[in-house]
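Take a look at the structure below.
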Amino acid sequence: MLELGILLIKVIFVLNLALGLASFCTWLERKGSALIQDRVGANRAGAFVESDRWYLKPALPFVRALGWLGVINTLLCDSLKGLWKEDFVPEGASKFLHALAPVIAVLPIMLAFAVLPLAPDFTVAGHTVHPQVAPIDAGILFVLAMGSVAVYGVAIAGWTGNNKFSLLGALRAAAQMISYELPMGLVFVALIVVYGTLDVYTMVEEQQKLLWGFIPAWGIVMQPVGFVVLLLAGMAETKRGPFDLPEAESELVAGYFTEYSGMKFLLFWLGEFAEIALFAVLLALLFFGGWDIPFVELPKGVWWASLIGHAVLMAKVVFFCVLQIVIRWTLPRFRYDQLMNLGWKLLLPISLVNLAITAILKVVL
Amino acid sequence: MAGEDLRLSLVVLAPLIGSILSYLLGRRVPKLAGIVASGAVLVSFVATVLLWREVSPTTAFTSSLSSWLTVSFQGAPFSLPIDLYFDSLSAVMCLIVTGVGFLIHVYSAGYMAHDKGIARFFAYLNLFIAAMLILVLGKSLPVIFIGWEGVGLCSYLLIGFWYTNTEYAKAGRKAFVMNRIGDVGFIVAMALLFTYCGTLDVVELSKESVLARVPAGLAFLVGISLFVAATGKSAQIPLFTWLPDAMAGPTPVSALIHAATMVTAGIYLMGRMHGVVELDPAVPAVILWVALATAAVAATTALAQNDIKKVLAYSTVSQLGFMFLAVGVGQYSVALCHVVTHAFFKACLFLSAGSVIHECHHEQDMRRMGGLAKKMPITAACYGVSTLAIAGICPFAGYYSKHAIFGAISTTTNPFLHPYIGLVGGLATAIAVCTAFYMARSFIMTFLGSYRGEGHPHEAPVVMTAPVAILGVLAVVGGFLFVHPITDFVTGPLPPTSVGHESGGLFGIFIGSLPGIFGIALAAYLFILAPREKDVLRAIFSPLERLFERKYYADELLDIAVVRPVDKLSGVAYRAIDQRIVEGSGGAVGSVVQAVGELTCRMTTGQVTTYVLLMFFAAAALFSVFSQVR
Amino acid sequence: MTFMGFVFSAIALAAALGVVFNRNPLYSAFSLIVQLLAMAGLYSVLGAHFLAVTQVVVYAGAIMVLVLFVLMLLNLKSESGRKLGIVKPLVALGVGFSVVATVFPAVVAQFKDISLMTLQENLWKSEGGVKAIGQEIYGRYIVQFELSSLVLLIGIVGAIMLSKRKRIVIGPREGGLGGKQ
Amino acid sequence: MSSIVTYIGLSLVLFAIGAVGVCIRRNAIVVFMCIEMMLNAVNLAFVAFSKLQGNLDGQVAVFFVMVIAAAESAIGLAVIISVFRSLVSVETSDAAQLKW
C-alpha cells in the first residue's frame with residue numbers, strides 16, 4: 001500500500017512537473033519572443049489588481065508582479081479563454097477522432113516523462129525512493145516509442161480537419177517526425193553503447209565519473225556529435241523552431257490544427273511545450289550530467305542532496321528550454337526539401353558514422 | 001586440412017577460379033584475361049612443383065575432397081569418394097600439363113590479343129587445364145571420367161572457338177562425337193570393373209588380388225574397352241580422323257590440347273590401368289598392331305599434306321602411335337617419356353607454326369610460305385631444332401625417347417607379339433624415316449627458299465617468341481635431362497623398365513639417329529638439291545599420293561561403315577518409335593492434361609480472396625490431418 | 001492472466017474486429033493501431049518489455065504511419081457500394097471457424113496441464129531482458145540477424161524500385177478496368 | 001484461467017479474425033493490415049511460448065517477424081501504390097487480370 005502511495009505521489013509529481021515545465025515554456029515563449037522582437041509582451045492582466053479583503057492584501061504585490069511579468073495573462077487568462085470558446089468541429093469529420101487527436105498529441109509526451117529520473121535516490125524513514133515513475137528495462141527506447149506514437153495525434157488531427165491544408169500539414173508532420181526519429185534513435189544507440197545500459201538513471205550515474213581525473217564524463221564530452229544531432233532532431237520532432245513546416249502559417253494557414261479551436265487547440269499547444277520540456281530534460285540528463293555538479297560530490301541517499309540535485313537538473317532544463325525558444329525565434333523557417341535533406345542526407349549519415357566510431361572506440365579503448 | 005591437401009586442391013582450384021575470373025574480368029578489360037589465366041596456371045605449376053619435391057617413386061598423397069552418392073549397396077555401404085591422388089605418375093603428368101600449359105597460356109596472350117573472344121578463350125583454356133588436372137589427379141575412375149569428359153568438352157569448345165565458321169563448328173562436333181564413342185568404352189570398362197572388382201579406386205585396381213576377381217573370359221573385354229576409350233581420346237585407328245580436323249581451333253589450342261596434353265590422356269589411362277590392360281595378353285597385342293597401323297597411316301598421310309598444321313596433326317597421330325607401341329610392349333614408362341619429350345617438341349612446333357600463321361595473316365598453306373628463316377630467325381631456329389628432335393637425331397629430346405621405344409620393342413615377352421618383333425621393328429623404322437622426311441619437308445617449304453606469299457611477315461612479339469624459345473631449349477635438352485630420371489621416378493605406379501639406360505657408345509648413337517638422318521637427307525635432296533627428281537617420284541607415286549592425301553579414305557570408310565548405318569537405323573527408329581510411340585503418347589498425355597486444365601482453370605478467378613480462402617482451407621485441413629497423425 | 005492482461009486482450013479483440021468490419025479503411029487503420037498497442041501491452045504483461053517497446057516503435061511508429069500515409073495520399077473513400085453477397089462472408093466465417101476449430105483443440109491437448117504463471121515469474125527483471133535478448137540475437141542468431149538486415153535492405157531497394165515512376169508505363173490490358181491513366 | 005491456453009486462444013482468435021478480414025475485405029490496404037494482424041497474433045503465441053519455456057527463443061523469433069513485417073510493409077505498400085497508378089483502384093477484385 002505504501003509502495004502504491006509512493007508511486008501515486010511520484011506520478012502526481014512528475015505530471016505536475018511536466019505540466020509546470022510546459023506552462024513555464026509557454027510563458028517563456030510569450031515573453032521571450034517579445035524580448036527578442038523588441039516588444040514588451042503580455043504585461044496587463046493582473047497587474048492592476050485591487051482587493052479590499054484583508055487576507056488578500058499581502059498577496060497583492062506578488063499577484064501584481066506576476067501580472068506585470070505576463071504570467072497571469074499567459075497561464076490563467078489564455079486557459080480560461082480556451083475553455084470558454086466554442087468547440088468547433090468541421091463538417092464531415094468524426095467527432096470522436098477530432099477529440100481524440102489532441103489527447104494523443106499530449107498523452108505520449110506525458111508518458112515519456114515516466115521513464116526519466118528527476119533526482120538521485122534518497123532515503124526517507126527507511127524507504128529508498130527512486131524518483132522515476134517507471135524504471136522499465138527498455139528505458140530510453142520507451143521515449144522513442146512514445147515519440148513515434150505522438151505522430152498519430154498529428155496525423156489524425158490533420159485528417160479530421162477534412163481540408164487540404166490540414167491534410168498536407170499532417171503529412172508533412174508525419175514525414176518529418178519519422179524522418180528525424182532515425183537520427184534520434186541512432187544517437188540513443190550510441191549513448192547506449194557508451195554507457196552500456198538502457199536505463200537513464202544508470203546513464204546519469206555513469207556521467208558523474210571523471211575522465212582522466214579532471215574532465216567530467218558528461219554526455220557532451222563522450223558524444224559531442226550526438227548532442228548536436230539530438231538537439232537538431234529534437235527540435236524537428238517538436239515541429240518548432242526553424243522546423244515548423246507542418247504548421248507554416250504562410251503556406252498552410254496553421255497546418256494540421258487549422259480546424260481546432262478552444263481547449264483542443266490549447267492541448268496541442270500544451271503538447272508542443274511539453275515536448276520542448278521533455279527534450280530539455282532529455283538533453284540535460286543524457287548530455288549534461290543530469291543532477292551532477294562537476295567536481296562536487298554530494299552525499300548519497302540524503303534527501304537534501306536529492307533536492308539540490310533536482311534543483312541543479314531543473315536549472316539545466318530551464319537552460320535548454322530557453323535555448324530552444326531562442327533558436328525558434330532567431331532562425332527563419334527551412335524549405336521542405338532543405339528539411340528532408342538535413343534529416344536524411346546530413347543527420348542520418350552523421351549519426352551512423354558517429355555510432356560506428358563510438359562502437360569502434362568502445363571496443364578499442 | 002593438411003598442407004599437402006591444401007596445395008593439392010590449389011593445383012586444381014587455381015585454374016578453375018582463373019577460368020571464372022578471366023572471363024568476368026576479361027569481358028571488361030581484355031588484356032587482363034591472359035594475365036589472370038596465365039597467373040592461375042602458374043600458381044598451379046608452382047603448387048605442383050612444391051608437391052612434386054615431396055613425392056618419391058613409392059609415396060603418394062591422397063586428398064579427400066568430399067564424398068558423393070553415399071548409399072548402401074546390397075547391404076554393403078558404398079560411396080563415391082571425390083579424392084585427389086598425387087603419386088609420381090600424376091606428378092610427371094601434372095608438371096607437363098601445368099608447365100607446358102603455362103608457356104602456351106603466355107603465348108596465347110600474344111596470339112589471341114586482337115581476338116574479340118579473348119575472355120571466352122582463356123576461360124575455356126583454364127577450364128581445360130583444370131579438367132586435365134582432375135583427369136590426372138583423380139583417384140577413382142569416375143573422378144578421372146569427370147576430367148576425361150571435361151577435357152573433351154573444352155576440346156569441343158575450343159575447336160569450335162570460331163563458331164561462326166560452319167566448318168570449324170562441324171570439326172568441333174566431329175571431335176565431340178568421336179570422343180563419345182571412346183567414352184562408351186570407358187563406361188563399359190568402369191561398369192565391368194565395378195561389377196567384378198567392387199571398386200573403382202585406381203590404387204585398389206592396381207592390386208593383383210583385386211584384379212584376379214575379373215573372370216578370365218571378360219578380361220579381354222575390359223582391356224579392350226579401356227583401349228577403345230584411349231583410342232577416342234588419343235586419336236588411334238579407327239577414331240583418329242577428328243584430330244586433323246581439330247586443327248580448326250586456334251593454334252595454341254592445337255599445341256596445348258591436341259599435341260601436348262589431352263591426346264596423351266589415353267597413354268596416361270593405359271599406364272594408370274596397366275594392371276587391367278595386361279590381364280589378357282591379347283589386349284597389348286591389339287594395342288600394338290593398332291598403334292603400328294595408326295603410326296604408319298598417319299605418317300604416310302602427312303607426306304602429302306600441304307597445310308602446315310595438318311602435317312603437324314598427322315605427325316601427332318603418328319607419334320601417339322609410337323607411344324601406344326611402347327604401351328603395347330608393356331613399357332609404360334617409356335611411353336610416358338615420349339609423352340614428355342613429345343609435349344616439348346610438338347608444342348614448340350605448333351607454337352612456331354602458330355607464329356608463322358599469325359605473321360602470314362592466317363595463311364596455313366606451306367606452298368604460300370618459304371624463306372621465312374630470314375624474317376623470323378628465332379621461330380625458324382626453334383622449328384628447326386624441334387624438327388631434329390622429332391626426327392630423333394641424337395642430342396635432341398626425341399632421340400632419347402624414340403630410341404627407348406625401339407629398344408622396348410625388342411624386350412617384349414608377349415606371346416602374341418614375340419614372333420613378329422622383326423616386322424614391328426622394321427615398320428617402326430620405316431615410319432621414323434617417314435617422320436623425319438615430312439618434318440624436314442615442312443621445314444624446308446616454310447622456312448627455306450624464297451617467300452611465295454603476299455604478306456610482310458616479321459618476327460613475332462616477345463610474348464610469343466619467349467615461350468617458343470623455352471620450349472625449343474627443352475626440345476634440345478629435354479631428352480638428355482629427363483628421360484632417365486622419369487623412368488626411374490615412375491617405377492612406383494608403373495612397372496620398372498630397363499630400357500633406355502644403355503648408351504651403346506658413339507656408334508650406337510649414330511645407328512639410332514640413322515633413320516632420322518636418312519629421312520632429312522632425302523627431304524633435303526628432293527626439295528633443295530634436286531627439285532626435279534621430286535616430280536618424277538610424284539608421277540610414280542601419284543595414286544598413292546591421292547590415297548595419302550585423303551588419309552586412306554578413312555573418313556569415307558567410317559562414313560560407310562558407321563555413319564550411314566547409324567543414320568539409317570536412326571531414321572527407322574525415328575519413324576517407328578519417336579513419331580508413333582513417343583510423340584503419340586505425348587500427344588495423348590497432352591490432350592488429357594489439356595482437358596483437366598480446361599476444367600481446373602475455372603478455379604483461377606484472378607480474385608485474391610478466392611485464393612486466400614482456398615489456402616486457409618487447405619492449411620486447416622493439413623493441420624487437422626497432421627495433428628491427428630501424431 | 002492478470003487483470004491488465006484481460007483488459008489488453010479485450011481491447012485487442014475489439015480493435016481486431018474493428019479492423020475487419022469498419023467500412024472506412026482509415027478507421028480500420030486506427031483500429032489496427034489500437035490493436036497493435038494492445039498487443040504491446042500484452043507483451044509487457046508477459047514480461048517482454050523490450051518487445052513491447054519494439055512493437056510500438058516498429059509497428060505503431062513506422063509501419064502504421066506508412067499505411068496511414070498511403071491511405072491519406074490515395075485519399076480513398078469507403079469501399080465501393082458493391083454488396084458483399086451472402087456466400088463470401090459465410091465462407092469467410094467458415095475459414096475463421098475452421099482455423100480455430102482445428103488448431104485450438106490440438107493446442108489445448110498439448111498444454112492443458114501446464115500452468116503459465118507458475119513458470120519463471122522473475123525471469124527478465126530490470127534490464128536483464130534486453131541484455132539477454134541482445135546476447136541471443138548477437139550470439140546464436142547472428143547469421144539470421146545479418147540476413148534479416150539484408151532482407152530489410154532488399155526491401156528498401158525493392159520499394160524504391162517499385163514506386164519509382166517508370167518511363168514506360170504498361171497500361172491495363174485492353175478491356176481491363178481503369179482505362180484512364 | 002491463468003494458463004497459456006488463454007494466450008494461445010486469444011492468439012488463435014486474432015489470427016482467425018485476420019484471416020476472415022483477408023478473405024472478405026476488398027481494399028488491398030485493409031487486406032494488408034489484416035495480414036499484419038495475423039502476424040501479430042502469431043507473435044503473441046511466440047511470446048507466450050517464450051514465457052512458458054523460460055527461454056528467449058520465442059522473443060527472438062518475434063523480433064525477426066517484426067523485421068520481416070517491416071520489409072513486407074515497405075514492399076507491399078509500394079506494390080499497392082504502383083497497382084493504384086495503373087488501375088486507379090486498390091480493390092483486390094479489380095486487380096484480377098491474372099487468370100485463365
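Just so you know, these numbers come straight off a predicted model, no measurement behind them. Side-chain atoms are counted along with the backbone in the values below, which use heavy atoms only and exclude waters and symmetry mates. Chain letters run A, B, ... following the sequence lines, proteins first and then strands; every chain starts at 1.
The closest side-chain heavy-atom distance from C:Tyr59 to D:Leu39 is below 4.5 Å. At least one side-chain heavy atom of D:Leu14 sits under 4.5 Å from a side-chain heavy atom of C:Gln35. With contacts defined as side-chain heavy-atom distances shorter than 4.5 Å, the pair D:Val62/C:Phe50 does not qualify. The side-chain heavy atoms of D:Tyr7 and C:Leu46, taken from C-beta on, include a pair separated by under 4.5 Å. Counting heavy atoms from C-beta on, the side chains of D:Asn27 and C:Pro25 come closer than 4.5 Å. A 4.5 Å side-chain heavy-atom check between D:Ile17 and C:Leu13 finds at least one atom pair inside the cut-off. Side-chain contact between D:Val60 and C:Arg140 is absent, with no heavy-atom pair separated by less than 4.5 Å. For the pair C:Met64 and D:Met33, the minimum side-chain heavy-atom distance is below 4.5 Å.
Looking at D:Leu44, the atoms closer than 4.5 Å to chain C (heavy atoms on both sides) sit in the backbone and in the side chain alike. Of the two parts of D:Ile75, the backbone and the side chain both hold a non-hydrogen atom closer than 4.5 Å to a non-hydrogen atom of chain C. Both the backbone and the side chain of C:Ala16 come within contact range of chain D, judged by heavy atoms closer than 4.5 Å. Neither the backbone nor the side chain of C:Phe69 comes within contact range of chain D; no heavy atoms are under 4.5 Å apart. Heavy atoms of C:Leu36 lying under 4.5 Å from chain D belong exclusively to its side chain. Contact annotation for C:Leu66: both backbone and side-chain heavy atoms come within less than 4.5 Å of a heavy atom of chain D.
For C:Leu152 against D:Ala70, the heavy-atom pair with the smallest separation is CD2-CB, 4.1 Å. Contact detail for C:Val58 and D:Met66: the closest heavy-atom pair is CG1-O, 4.2 Å. Closest approach of C:Ala159 to D:Ala74, counting heavy atoms only: CB-O, 3.7 Å.
Here the CE atom belonging to C:Met39 is positioned 7.0 Å from the OG atom belonging to D:Ser11, to the nearest 0.5 angstrom. Taken to the nearest 0.5 Å, the CG atom of D:Leu10 stands 10.0 Å off from the CZ atom of C:Phe6.
Contact count versus chain D (heavy atoms, under 4.5 Å) is highest, among C:Leu51, C:Leu17, C:Val19, for C:Leu51. With respect to chain C, the highest number of heavy-atom pairs below 4.5 Å among D:Asp57, D:Ile80, D:Ile68, D:Val79 belongs to D:Asp57. Contact count against chain D (heavy-atom pairs under 4.5 Å) is highest for C:Ala29 among C:Gly158, C:Ser31, C:Ala29. Interface remark: of the candidates C:Val151, C:Asn22, C:Leu147, C:Asn22 forms the most heavy-atom pairs closer than 4.5 Å to chain D. In terms of heavy-atom pairs under 4.5 Å with chain C, the best-connected choice from D:Cys34, D:Ala19, D:Ala69 is D:Ala69.
Note: C:Phe145 and D:Phe64 have tilted aromatic rings, judged against thresholds of 30 and 60 degrees for the angle between ring planes.
Side-chain contact, C:Gln55 with D:Asn43: no donor N or O sits under 3.5 Å from an acceptor N or O.
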### Message
Show, in sequence, the C-alpha distance, side-chain angles and deciding distance for D:Ile24 and C:Phe21, and conclude whether the side chain to side chain contact (heavy atoms under 4.5 Å, CB included) test is met.
### Response
CA-CA 10 Å; D:Ile24 64 171; C:Phe21 294 109; 4.1 Å; yes
### Message
side chain to side chain contact (heavy atoms under 4.5 Å, CB included) for C:Val20 and D:Met37? Distances and angles first, verdict last.
### Response
CA-CA 10 Å; C:Val20 177; D:Met37 205 158 75; 4.3 Å; yes
### Task
Check step by step if side chain to side chain contact (heavy atoms under 4.5 Å, CB included) holds for C:Ile133 and D:Phe63.
CA-CA 9 Å; C:Ile133 287 191; D:Phe63 181 78; 5.7 Å; no
